[in-house]
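These notes are about the structure you will find just below.
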Amino acid sequence: QVQLVESGGGLVQPGGSLRLSCAASGTIFSTNAMGWFRQAPGKQRELVASIASIFSGGNTNYADSVKGRFTISRDNAKNTVYLQMNSLKPEDTAVYYCNYRQLWQGGSYDYWGQGSQVTVSS
């Protein structure tokens, strides 16, 4: 089992910045990926950004809509993933969910955080 605790959401004006954090605890595999998804009202949940562990290649992946504005990073010693969000736009408004994906040969399993509201509005 893996537990995820998110922090850092809130209200920000267009053009502002926020940083989301997500700490994982429990049984952490060396092969994993952590990331952020978001879901706006009436829309499907979508990937924002992800970062694989070193043992899984260490690759990062971003949605086209956030490239150049958002940066994902992780502190492996703390099992924590961060999402730095700059130049925020109203269309970034959504509930952001932390994701931990446990990986093994031939399969995977997802764990989810509780969700953090991000509202971009003047």
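Here CG of Leu83 is found 12.0 Å from CE of Met34. Values are rounded to the nearest 0.5 Å. Taking CD of Gln39 as the start and CD of Glu46 as the end, the distance is 9.5 Å to the nearest 0.5 Å. Atom-to-atom distance recorded for Gln102:CD and Tyr109:OH is 9.5 Å, nearest 0.5 angstrom. Within the model, atoms CD of Gln114 and CG of Leu4 stand 8.5 Å from one another, a figure rounded to the nearest 0.5 Å. Taking CG from Leu20 and CD from Glu6, the interatomic distance works out to 7.5 Å, rounded to the nearest 0.5 Å.
By the neighbour-count criterion of 12 heavy atoms within 6.0 Å, atom CD of Glu91 is densely surrounded, having more than that number from other residues, nucleotides or ligands.
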task: Run the numbers on Val81 and Ile72 for side-chain contact (heavy atoms from CB on, under 4.5 Å), then give the verdict.
output: CA-CA 7 Å; Val81 65; Ile72 191 168; 3.7 Å; yes
task: Could you walk me through whether Val118 and Met85 pass side-chain contact (heavy atoms from CB on, under 4.5 Å), step by step?
output: CA-CA 10 Å; Val118 172; Met85 304 184 290; 4.0 Å; yes
- request: Applying side-chain contact (heavy atoms from CB on, under 4.5 Å), run through Ile28 and Tyr100 and close with a yes or a no.
  value: CA-CA 9 Å; Ile28 306 297; Tyr100 170 87; 3.8 Å; yes
message: Determine whether Gln3 and Tyr111 satisfy the following criterion, side-chain contact (heavy atoms from CB on, under 4.5 Å), listing intermediate values before the conclusion.
response: CA-CA 8 Å; Gln3 296 77 42; Tyr111 293 88; over 6 Å; no
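A salt bridge is defined here as a Lys NZ or Arg NE, NH1 or NH2 lying under 4.0 Å from an Asp or Glu carboxylate O, and Asp92 with Lys89 fails to meet this definition.
When all heavy atoms of Thr93 and Val120 are compared, the closest pair comes out as OG1-N, 2.9 Å. Here the closest heavy-atom approach between residue Pro14 and residue Ser122 is recorded as CD-N, 3.7 Å. Here the closest non-hydrogen pair linking Ser65 and Arg38 is OG-NH2, 3.4 Å. Closest non-hydrogen pair, Leu103 versus Ala33, comes out as CD1-N, 4.2 Å.
Under the disulfide (SG to SG under 2.5 Å) criterion, the residue pairs touching residues 83-122 are Cys22-Cys98, with sequence neighbours excluded. Sequence neighbours left out, the pairs with a member in residues 97-122 that pass salt bridge (charged side-chain N to carboxylate O under 4.0 Å, His left out) are Arg101-Asp110. Listed by first then second residue, pairs satisfying ring pair (Phe, Tyr, Trp, His ring centres under 6.0 Å) with a partner in residues 62-88 number zero, not counting sequence neighbours. Pairs of residues two or more places apart, or lying in two chains, that qualify as side-chain hydrogen bond (donor to acceptor under 3.5 Å, both in side chains) and include a residue from residues 7-18 are Ser17-Asn86. Residue pairs meeting the ring pair (Phe, Tyr, Trp, His ring centres under 6.0 Å) criterion with at least one member in residues 10-43, sequence neighbours excluded: Phe37-Trp112.
No donor-acceptor distance shorter than 3.5 angstrom exists from the side chain of Arg19 to the backbone of Gln84, with no hydrogens or angles considered.
Donor-acceptor pairing under 3.5 Å is recorded for the side chains of Thr119 and Gln117.
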Using atom types as modelled, flag every donor-acceptor pair under 3.5 Å from a side chain in residues 47-60 to any protein atom, sequence neighbours excluded.
unit_1 : atom_1 : unit_2 : atom_2 : d
Ser53  : OG     : Ser30  : O      : 2.7
Ser53  : OG     : Asn32  : N      : 3.2
Ser53  : OG     : Asn32  : O      : 3.3
Ser53  : OG     : Ser56  : N      : 3.4
Ser53  : OG     : Ser56  : OG     : 3.3
Ser56  : OG     : Asn32  : N      : 3.2

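Using a 4.5 Å heavy-atom cutoff, the side chains of Pro90 and Ser121 are not in contact.
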